[in-house]
Amino acid sequence: MLNFAILETSYFWWSVLNGLGVTLALTAISMVLGFVIGGVLASMHIYGSPAVRFAAKAYIFVFRGVPLLILLFLVYYGLPRVTWLRGSLFWDLVLTSPIRTAVFVLTINNAAYLGEMIRGGLRMVPAGLLEAAAAVGMTRTRAFFRIHAPLALRSVLGNLGSETIAVVKASAITSVITVRDLMGGPTVLGKVYLDPLTPLLVVGIIYIVLVQVIDVGTKLVRGHLALPGSMQAHHV
Amino acid sequence: MIEIVAPYMSFWLKGAALTLGLSAASFPICILIGLTVAFAAVSRARLVSLAAATYINIFRGLPEIIVIFVVFYGSNIVLTTVGKPLGFQFGGTHPALAALVALSVQFGSYAAVIFKDWMAVFPKGYTEAGLAIGMTRLQIRRRIVVPLLLRSATPALGNLFLVMLKISALASLIGVAELSRTTSVIAGSTREPLVCYVIAAAMYLAISAVSGFVQHRFEAATKRSL
């Protein structure tokens with residue numbers, strides 16, 4: 001029953017390499033786009049009117065509460081049934097390929113988590129520092145970009161690392177809508193070789209290494225950017 | 001559109017009940033594993049703490065979907081291979097059992113991290129007080145450390161439960177008839193995937209909201225008793 005014939009084929013290792021690229025791309029794109037949308041959500045929450053704030057809260061509640069698997073199925077199988085979407089930019093941009101659907105779903109899901117994280121970071125900056133910025137005559141925009149945002153970013157750096165790890169792991173779920181990522185590509189080959197287990201074990205090890213690399217990277221960046229004194233980043 | 005899926009409602013609710021049941025069954029096991037691994041991680045025996053750290057790092061890095069598949073296929077293959085020479089026929093792992101094991105083992109590592117973080121800030125005075133009145137180390141752990149640890153970690157554990165509810169959707173991929181699985185079946189037979197998945201999403205939100213509410217009440221109660 002157990003044989004490792006699949007490991008001797010070059011197809012397998014190419015699919016692993018390809019899949020690794022897809023996983024890294026999925027993670028990077030949905031982190032960047034998610035951060036932008038998350039930033040918008042956080043500022044809606046902090047500066048918005050009650051209605052705007054409610055909208056941000058509702059978004060975060062919905063996309064943090066629904067499993068990624070259901071979201072993927074909803075967008076991949078459900079949305080193409082909406083006839084008036086046909087021919088729209090959204091249709092051409094997202095619904096025409098599994099991988100772009102995956103990017104879209106990972107992004108809107110990730111944005112909810114990042115939005116909460118950014119809001120927490122912005123609130124963690126002591127009011128005195130912002131008052132000091134106003135006292136030396138900075139405009140609100142300048143104070144935001146020079147004082148508020150950099151300090152908030154530093155304080156959430158650790159969370160940003162764990163969120164990246166969460167996205168790497170979550171991106172494996174996109175294999176269910178036929179995305180050939182690190183999980184999807186090799187396991188499809190595993191089905192061809194009637195050996196479902198070996199590919200899983202191989203890519204499992206790669207995921208573990210990948211997560212350790214992200215961990216070490218986050219620690220290095222945090223150490224590099226750490227400020228002496230009171231604004232020590234919270235360990236999470 | 002709703003009329004088409006309405007007859008399936010009882011089937012759906014059964015799925016929702018299984019989703020809740022699966023998480024409710026594996027959560028106590030995951031807490032037990034978490035406590036054990038956390039105590040092992042702070043153990044003075046190098047080998048024990050190394051084993052605990054390895055366990056935590058492995059499951060921190062593995063996607064849940066892989067763990068579920070490995071437990072399901074792996075247990076099948078191992079038990080079939082072991083069973084053949086011993087002369088018994090193995091009929092295949094029950095998917096729900098595989099999902100239960102996979103979720104417990106994986107989330108046990110997450111719980112261990114939560115407990116370990118709390119142990120790092122556990123006030124030394126409590127254990128010293130226990131020693132002063134002549135308690136053994138085991139008694140201190142059982143009567144002082146564990147109850148306080150569980151209480152202070154309640155918010156984090158509540159969040160962990162909500163994460164588990166969502167991750168348990170992956171059990172549908174190995175054939176456990178929980179909420180996601182029943183939704184896929186209904187979507188297939190009614191050819192209304194959009195309506196079905198929207199309803200499933202609403203059901204998950206409802207389950208999360210109710211669990212969140214219970215957690216909130218529970219937290220308030222533990223705070224009062226502290």
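In what follows, chains carry the letters A, B, and so on, assigned in the order in which the sequence lines appear, proteins first and then strands, with residues in each chain numbered from 1.
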Looking only at B:Leu205, B:Ile167, B:Leu162, most heavy-atom pairs under 4.5 Å shared with chain A are made by B:Leu205
Over 12 non-hydrogen atoms of neighbours within 6.0 angstrom of NZ in B:Lys166: yes
Proximal component of A:Ser175, with respect to chain B [non-hydrogen, under 4.5 Å]: side chain
Side chain, backbone, both or neither: which part of B:Ile58 has a heavy atom under 4.5 Å from chain A? both
Which heavy atom in A:Tyr207 sits nearest to a heavy atom in B:Gly61, and how many Å separate them? CB-O, 3.5 Å
Once you measure the plane-to-plane angle for B:Tyr197 and A:Tyr77, does it fall in the parallel (<30°), tilted (30-60°) or perpendicular (>60°) bin? parallel
What pairs of residues pass the ring-ring contact (aromatic ring centres under 6.0 Å, His included) test when at least one of them lies in residues 153-180 of chain B, not counting sequence neighbours? B:Phe27-B:Phe161
Over all atoms of both residues, closest heavy-atom pair of B:Leu194 and A:Val82: CD2-CG2, 3.5 Å
Is A:Arg81 reaching over with its side chain to a backbone N or O of B:Arg191, donor-acceptor style, under 3.5 angstrom? yes
With a cut-off of 6.0 Å (strictly less than), are more than 12 heavy atoms of other residues, nucleotides or ligands near CG of A:Leu220? yes
For B:Leu173, is it the side chain, the backbone, both or neither that has a heavy atom under 4.5 Å from a heavy atom of chain A? side chain
Interchain contact, B:Phe72 with chain A, by part (heavy-atom threshold 4.5 Å): neither
Tell me, for B:Asn57 versus chain A, whether the close heavy atoms (under 4.5 Å) come from the side chain, the backbone, both or neither. both
Identify which part of A:Val75 has an atom lying under 4.5 Å from any heavy atom of chain B, answering side chain, backbone, both or neither. neither
If you take all heavy atoms of B:Leu62 and A:Lys169, which pair is closest and at what distance? O-CE, 3.1 Å
Whatever's closer than 4.5 Å to a heavy atom in chain B on A:Val211 counts as side chain
Can you tell me which of B:Ile65, B:Val198, B:Leu179 forms the most heavy-atom pairs within a distance under 4.5 Å of chain A? B:Ile65
Please look at A:Leu69 and chain B and tell me whether the side chain, the backbone, both or neither of the residue comes under 4.5 angstrom of a heavy atom of that chain. side chain
If you draw a 6.0 Å radius around CZ in B:Arg181, do more than 12 non-hydrogen atoms from other residues or ligands fall strictly inside? no
Which one, B:Ser168, B:Ser184, B:Pro63, B:Ser208, leads in non-hydrogen pairs under 4.5 Å with chain A? B:Pro63
Per-residue tally against chain A (heavy atom, under 4.5 Å) across B:Val67, B:Val70, B:Val163 peaks at B:Val70
Hey, are the side chains of A:Ile70 and B:Ser180 touching, using non-hydrogen atoms and a 4.5 Å cut-off? yes
Take atom CZ of A:Arg123 as the centre, draw a 6.0 Å sphere, and report whether it contains more than 12 heavy atoms from other residues, nucleotides or ligands. no
Evaluate whether atom CZ of B:Phe218 has more than 12 neighbouring non-hydrogen atoms of other residues, nucleotides or ligands under 6.0 angstrom away. no
Using heavy-atom distances under 4.5 Å, tell me whether A:Ile165 contacts chain B through its side chain, its backbone, both, or neither. side chain
Which of A:Gly204, A:Ala166, A:Ala170, A:Gly65 touches chain B most, by non-hydrogen pairs under 4.5 Å: A:Gly65
Hey, is CH2 on A:Trp91 packed in by over 12 heavy atoms from elsewhere, all under 6.0 Å? yes
Non-neighbouring partners of B:Trp12 that pass side chain to side chain donor-acceptor pair (under 3.5 Å), sequence neighbours left out: B:Thr183
Please name the residue in the list A:Val203, A:Thr187, A:Leu182 that meets the side-chain contact (heavy atoms from CB on, under 4.5 Å) test with B:Ile66. A:Val203
